[in-house]
Amino acid sequence: MSDIIKTEHLTFSYPPDEGKEPVQALKGVDLTIEKGCFTVILGHNGSGKSTLAKHMNAVLLPEGGTVWVDGMDTRDESLLLEIRRRVGMVFQNPDNQIVANVVEEDVAFGPENLGVPTEEIRRRVDAALRAVGMEEFCLHAPHHLSGGQKQRIAIAGVIAMEPACIVLDESTAMLDPMGRREVLDTVRRLNREKGITIALITHHMDEAAMADRVVVMDSGRVVMDGPPRKILVRLEELRAIGLDAPHTVELLHGLREDGLDVPLDALSVTECAGAIAQALQS
Amino acid sequence: MLKDITLGQFFPGNSLAHRLDPRTKIVLTLLYIVALFCAKWFVSYGLVAAVLLIAVKISGVAPRALVKGLKPILFIICFTAVLNLLYTPGEPLVSFWIFTITREGVQTAFFMILRIVMLIMGTFLLTYTTSPIALTDGLETLLGPLKKIRVPVHELAMIMSIALRFIPTLIEETDKIMSAQKARGADFETGNILQRARALVPILVPLFISAFRRADELAVAMECRCYHGGQGRTKLRVLRCEARDYLVLLAYCLMLAGVLVLARFGL
């Protein structure tokens with residue numbers, strides 16, 4: 001089986017506030033995430049993207065429909081630990097997911113819970129810290145680290161469980177641009193070098209540009225799904241659901257309207273600059 | 001300003017006192033306290049004091065740090081001393097107004113001061129040389145047998161270490177909330193005690209709300225990392241008693257035996 005996460009007609013509603021109608025956060029989501037793929041899930045606030053993420057390792061259980069993680073139904077409680085070991089989750093606030101007051105102890109938390117033997121924990125902790133480039137901080141106190149570093153520790157804590165997939169639920173939202181860069185570079189490297197499947201939930205369009213696949217959500221449904229070059233250029237549709245296209249696409253779109261012959265799908269800044277230079281020369 | 005507060009004063013180091021197993025150190029401290037309370041006269045106190053001095057010397061902790069630890073309990077020391085001085089019956093030395101100071105009173109007061117001071121110094125030596133995590137780990141294993149009578153030892157240890165982990169985070173948050181409230185004109189520095197206490201309410205309310213939210217998120221994050229209680233849990237750091245632990249334990253047992261014998265002869 002090459003799908004790590006598969007949802008079928010997934011629906012979910014949060015318990016309503018008193019005297020109000022329940023709001024359905026997911027209205028039938030069919031989504032398949034393949035092993036080794038870097039998927040970005042986009043959507044503005046209230047689109048259901050975080051709710052979807054929380055279904056990917058059984059933090060929330062489906063109200064209707066089914067979620068399979070590596071072939072395991074998330075509603076089967078006996079498989080809970082195995083599901084959470086396969087799919088690790090990194091959250092938004094780095095402070096609220098670090099458990100221990102020494103970096104290496106925190107990274108060891110997951111394997112300790114799984115009952116991994118001590119020597120093996122040591123090996124995994126060292127390997128995980130190396131993978132996120134934080135090995136020199138292994139004896140530091142987490143509250144002395146920057147936001148990006150804390151988030152990398154959180155990622156290391158997940159890697160130490162040796163998961164097949166990491167879900168990042170708006171993990172870059174609270175970080176400054178430097179911290180975001182650090183986290184994104186780390187995640188991308190893990191995806192390329194270790195073949196870990198990544199599902200990155202975000203509302204930053206530029207983060208979507210580096211994905212293999214972009215899934216756009218709006219009011220509980222998947223509205224667009226495809227490679228970034230196909231999705232991020234659909235300017236009007238994105239605007240209609242409260243998202244902005246990347247700045248590069250905005251610029252190229254404006255130039256095209258003014259009659260310059262440039263392609264729309266030059267997503268990165270270098271690509272965009274190259275495309276404009278070429279158009280100006282010809 | 002609040003950031004300067006440190007809790008569980010721990011001075012990192014690599015002395016023998018630092019390298020001992022935390023369990024050993026907890027037991028040693030208990031033995032030391034028992035010996036201290038069994039001591040009767042100069043000779044037995046001297047023996048305990050000698051052990052304390054050697055331990056301080058080995059630990060490399062600055063004696064000044066130990067003395068500084070006495071400051072907060074200065075009042076208690078004076079209070080006990082005065083009470084013992086005035087209310088011990090015996091052979092009167094001085095007598096004025098309704099008070100009589102007895103020879104026995106002077107003695108008891110003196111030994112009481114000595115006892116409290118040495119008690120504080122000895123226990124501080126434990127927290128100075130043992131990191132909070134090691135201390136929690138040590139307590140968890142030492143109290144392990146209590147699990148049989150359903151005392152939630154693992155859970156208590158987990159609560160303690162998470163509390164330690166969140167102290168700096170919450171202090172930082174308090175700082176932020178204070179600045180935010182000051183920016184809106186809150187006044188924490190003037191007024192009588194009642195007014196100042198009331199001024200703290202707009203700090204405590206948001207602090208508590210955010211602490212609850214944090215607790216909620218942390219619980220989900222812990223579950224996501226497969227936390228399911230202490231069952232079948234392994235450890236990155238395994239506590240190991242080595243020869244040196246047993247040797248030091250033996251030394252302390254000898255001290256206790258010595259004190260008991262000396263006290264028996266009233267020394």
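Below, read A as the first sequence line, B as the second, and so on, with proteins coming before strands; counting in each chain starts at 1.
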Considering only NZ, NE, NH1 and NH2 on the basic side and carboxylate oxygens on the acidic side, decide whether B:Arg237 and A:Glu112 come within less than 4.0 Å. no

More than 12 foreign heavy atoms under 6.0 Å from CG of B:Leu247: is that the case here? yes

A:Leu80, part contacting chain B, at a heavy-atom distance under 4.5 Å: neither

Could you measure the distance from the CD1 atom of A:Ile83 to the SG atom of B:Cys224? Nearest 0.5 Å is fine. 12.0 Å

Can you measure from CG (A:Asn96) to CE (B:Met222) and round to the nearest 0.5 angstrom? 12.5 Å

Measure the CD1-NE2 distance between B:Ile167 and A:His143 for me, rounded to the nearest 0.5 Å. 10.0 Å

Counting distance only, does the side-chain N/O of B:Thr234 pair as donor-acceptor with the main-chain N or O of A:Val116 below 3.5 Å? yes

Verify whether one side chain among B:Arg233 and A:Asn113 offers a donor that lies under 3.5 Å from an acceptor in the other. yes

Side chain from CB out, backbone as N, CA, C, O: work out which of these in A:Glu104 comes under 4.5 Å of a heavy atom of chain B, or both, or neither. both

Give me the atom names and distance for the closest heavy-atom approach of A:Arg85 to B:Cys226. N-SG, 3.9 Å

Examine whether an atom of A:Val107 lies under 4.5 Å from a heavy atom of chain B, and if so say whether it belongs to the side chain, the backbone or both; otherwise answer neither. backbone

I'd like to know which of B:Gln231, B:Met158, B:Lys235 tops the heavy-atom pair count under 4.5 Å against chain A. B:Lys235

Sort out for me which of A:Ala141, A:Gly115, A:Pro142 touches chain B most, counting heavy-atom pairs under 4.5 Å. A:Gly115

How far does CG of B:Leu236 sit from CD of A:Glu120, to the nearest 0.5 angstrom? 12.0 Å

Which region of A:Val59, side chain (C-beta onward) or backbone (N, CA, C, O), has a non-hydrogen atom less than 4.5 Å from a non-hydrogen atom of chain B, or is it both or neither? side chain

Looking at residues at least two apart in the chain, or sitting in another chain, which of them share a side-chain hydrogen bond (donor to acceptor under 3.5 Å, both in side chains) with A:Asp126? A:Arg122

To the nearest 0.5 Å, tell me how far A:Asp95 CG sits from B:Glu217 CD. 10.0 Å

Do side-chain atoms of B:Arg225 reach the backbone of A:Gln97 as a donor and acceptor pair under 3.5 angstrom? yes

Taking all atoms of both residues into account, what is the closest heavy-atom pair of A:Ala100 and B:Arg165, and its distance? O-CD, 3.3 Å

Which portion of A:Pro163 sits near chain B, non-hydrogen atoms under 4.5 angstrom: neither

Could you note down all residue pairs passing ring-ring contact (aromatic ring centres under 6.0 Å, His included) where residues 70-114 of chain A supplies at least one of them, sequence neighbours left out? A:Phe109-B:Tyr227

Does A:Tyr14, at its OH atom, have more than 12 non-hydrogen atoms belonging to other residues, nucleotides or ligands within less than 6.0 Å? yes

Which heavy-atom pair separates B:Leu218 from A:Ile98 by the least distance, and what is that distance? CD1-O, 4.0 Å

As an exercise: rank A:Ala160, A:Gly88, A:Gly157, A:Ala154 by heavy-atom pairs under 4.5 Å with chain B and give me the winner. A:Gly157

